[in-house]
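Just so it is clear, the model here is predicted, and its values are computed rather than measured. Values reported hereafter were calculated over all heavy atoms of this structure, with side chains retained and with hydrogens, waters and symmetry mates removed.
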Amino acid sequence: MEYVTPSSMNLIVPNAIFLAFALYAILWLWCIVDLLRSEFKDNSVKILWVLLLIFLNPAAPFIYSHLARKQKLRFR
């Protein structure tokens with residue numbers, strides 16, 4: 001009687017996909033928390049970012065992390 005064992009590739013791919021989704025979820029949550037804590041030059045910009053993060057979900061955290069820095073007020 002032979003035992004069939006799963007190959008290592010069958011385990012690596014699902015784990016890599018899960019890791020990618022987990023990292024993306026962490027980035028998205030970080031963007032939401034940062035957005036809620038930040039003050040912007042205009043309040044309508046904050047509402048726009050909320051809508052973009054919700055409805056333009058796949059690309060929005062990457063866009064937010066690069067473009068929102070220029071729109072925030074800086075307190076020093």
4.5 Å side-chain heavy-atom contact, [X] and [Y]:
X   : Y   : value
I32 : Y64 : no
Y24 : F62 : yes
P61 : W30 : no
K72 : D34 : yes

Is there a continuous path of hydrophobic side-chain contacts, each under 4.5 Å between heavy atoms, that joins [X] to [Y]?
X   : Y   : result
L23 : L27 : no
L36 : L56 : yes
L48 : F55 : yes

* To do: Could you tell me which non-hydrogen atom of L73 sits nearest to which non-hydrogen atom of K41, and how far apart they are?
  =>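 The answer is CD2-CG, 3.6 Å.
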* How close do V45 and Q71 get, heavy atom to heavy atom, and via which atoms? ->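 So the two residues come closest at CG1-OE1, 3.2 Å.
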* **side chain to side chain donor-acceptor pair (under 3.5 Å) partners of D42, counting only residues at least two apart** =>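 D42 satisfies side chain to side chain donor-acceptor pair (under 3.5 Å) with S44 once adjacent residues are dropped.
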* To do: Report the residue from I54, I47, L53 that forms a side-chain contact (heavy atoms from CB on, under 4.5 Å) with V50.
  =>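 Only one option passes, and that is I54.
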